2 protein chains.
Amino acid sequence: MSLRAVKPQHETRTRILDTAEELFMLHGFEGTSMRVLTASAAVNLAAVNYHFGSKDALIEALFRRRLDPMNAARIAELDRLEIDAKGRALSPDEIIRAFIGPSLLLMEDAKGGGRNFIRLLGRTYTEPTKPIRVLIGQLYVPTMARYKAALERALPHMPGGELIWRMHFMFGTLAYTLAATDTVQLIAGCKPEDRYDARLLEDRLTSFLAAGLNAPLKQTVKKAA
Amino acid sequence: MSLRAVKPQHETRTRILDTAEELFMLHGFEGTSMRVLTASAAVNLAAVNYHFGSKDALIEALFRRRLDPMNAARIAELDRLEIDAKGRALSPDEIIRAFIGPSLLLMEDAKGGGRNFIRLLGRTYTEPTKPIRVLIGQLYVPTMARYKAALERALPHMPGGELIWRMHFMFGTLAYTLAATDTVQLIAGCKPEDRYDARLLEDRLTSFLAAGLNAPLKQTVKKAA
DNA sequence: GTCTATAGACGGATAGAC
DNA sequence: GTCTATCCGTCTATAGAC
């Protein structure tokens with residue numbers, strides 16, 4: 001194993017992945033050509049096909065690189081909390097923080113490109129039809145099942161069909177917050193001071209989400225039972 | 001003004017706009033070619049350039065057609081509420097319903113293509129860099145200013161810098177809910193029964209959002225003042 | 001592993017007949 | 001207003017030299 005022989009390979013792969021995260025985040029998948037991508041990554045045009053096989057395979061590798069550790073961290077954090085709780089039900093607050101924590105960790109990682117990925121991820125949630133959505137769905141299945149069970153214990157009075165909507169809202173708020181922060185701040189007018197203060201953002205999100213999760217459903221005039 | 005002469009023009013324009021809403025929603029702007037679009041709309045390939053000038057101009061026309069009436073309705077509804085209130089501050093509930101109502105109205109309009117537009121809109125919020133984002137931002141400026149003022153009155157104890165984040169979360173939840181409902185239901189597993197019951201969705205969203213808006217900010221260990 | 005060159009398909013836009 | 005034919009650029013992917 002020569003040192004000079006394997007390092008460039010990993011460097012090229014990594015440089016492609018990092019650049020792809022940024023460009024896909026900025027311009028979308030269809031909006032980013034392999035020509036621009038490889039030029040921006042300072043690698044050869046043929047390198048993507050050599051290392052990943054195709055553009056689609058690159059996208060899949062890109063998501064797996066970040067999502068596998070992120071969801072593993074989410075489950076590990078929930079495991080840790082439940083062991084510490086020794087049978088006591090967790091609070092919604094704790095569960096929410098365990099879920100959004102790994103996202104915010106990546107969000108703070110501006111230098112390593114984690115922030116690019118997080119924004120790309122939020123963007124991708126709202127893109128239907130693509131095989132990517134199916135891939136993401138698969139990667140999330142175990143995590144979602146795990147968190148749904150935890151929330152059911154934490155919110156025993158929540159009707160069965162209701163919880164799935166609350167999780168949906170929670171999920172949406174998180175995805176959107178991470179993905180579109182700049183857009184809304186542009187719409188609403190906001191100074192870029194603590195825009196990326198992940199700790200404060202975690203507090204803000206947790207306060208908002210926990211209150212929303214706990215809220216009783218106030219129904220207006222209903223027609224039938 | 002011959003009857004036969006002007007009707008086909010409007011029909012072609014409308015058919016292009018309706019088809020574009022659906023295809024852009026499904027595949028994105030870059031992912032939808034003029035060839036596929038015109039074929040699907042059963043119009044000639046050159047028709048888009050004849051009627052709109054370019055693909056970009058078509059996109060702008062598409063957004064203006066829906067957003068202008070929608071935001072006008074939002075402002076009109078708030079005006080109406082404030083007149084009825086005769087000086088009393090509105091409740092967050094009322095304000096939230098005034099804001100999300102017009103979206104849900106479009107959401108219910110499956111036949112007229114409103115639902116396609118709503119999902120396209122949610123999708124577009126998370127797409128940075130494009131001129132479309134700037135256009136949308138401009139179209140929203142008056143509405144956002146109006147609602148920010150109303151919420152400041154409704155939530156007098158909310159610190160100044162905090163409200164903008166709550167609005168951000170509210171906005172995100174709405175956008176995401178409308179845009180990605182199918183995705184999350186795919187991830188989380190949910191039956192498609194009352195998926196598009198807008199009335200129930202309004203109740204759910206309002207309960208969730210009002211609780212989140214009102215929630216005090218619970219801060220964890222803080223470093224400095 | 002990296003590069004150049006190119007194949008082969010598809011993109012938006014338009015000219016000009018009808 | 002509608003249509004066909006076409007220009008010209010860009011796309012992904014690959015073959016083959018080094």
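What you see is a predicted model, and the numbers here were worked out from it, not measured in a lab. Residue numbering restarts at 1 for every chain, and letters A, B, ... go by the order of the sequence lines.
The listed nucleotides are dC11(D), dC3(D), dT2(C); the one nearest the side chain of Tyr50(A) is dT2(C). For Asn44(B), counting side-chain heavy atoms from C-beta on, the closest listed nucleotide (dC11(D), dA5(D), dC3(D)) is dC3(D). The Ser54(B) side chain lies nearest to dA13(C) when the options are dT2(D), dA13(C), dT14(D). The side chain of Arg35(B) lies closest to dG12(C), out of dT2(D), dC11(D), dG12(C). Checked against dA13(D), dT2(C), dA15(C), the side chain of His51(A) finds its nearest nucleotide in dT2(C). Minimum atom distance to the side chain of Ala46(B) is reached by dC3(D), of the listed dA13(D), dC3(D), dT4(C).
The distance between atom CG of Leu45(A) and atom P of dG1(C), rounded to the nearest whole Å, is 18 Å. Atom CG of Asn49(A) is separated from atom C1' of dA13(D) by 5 Å (rounded to the nearest Å). The CG-P distance, from Leu23(B) to dG12(C), rounds to 12 Å in whole Å. To the nearest angstrom, C1' of dA13(C) lies 12 Å from CG of Asp56(B). When rounded to the nearest whole Å, the span between CD of Glu30(A) and P of dG11(C) equals 11 Å. Between Met34(A) atom CE and dG8(C) atom P there is a gap of 20 Å when expressed in whole angstrom units. Atom CD1 in Ile59(A) sits about 10 Å away from atom P in dA13(D), given to the nearest Å.
When each of Phe171(B), Tyr140(B), Phe99(B) is tested with Tyr147(B) by the rule ring-ring contact (aromatic ring centres under 6.0 Å, His included), just one qualifies, namely Phe99(B).
In this pair, Trp165(A) and Phe169(A) present their aromatic rings tilted. The plane angle is within the 30 to 60° band.
Side-chain N/O atoms of Ser33(A) include none lying less than 4.0 angstrom from OP1 or OP2 on dT10(D).
Residue-level contact check: Thr32(A) touches the backbone only, with heavy atoms under 4.0 Å from sugar-phosphate atoms and none from bases.
Between the side chains of Thr177(A) and Arg204(A), no donor-acceptor pair of N or O atoms lies under 3.5 Å.
With Arg115(B) contributing its side chain and Met107(B) its backbone, the two residues share a donor-acceptor pair below 3.5 Å.
Salt-bridge check for Arg13(B) with Asp18(B): failed, with every basic side-chain N at 4.0 Å or more from each acidic carboxylate O.
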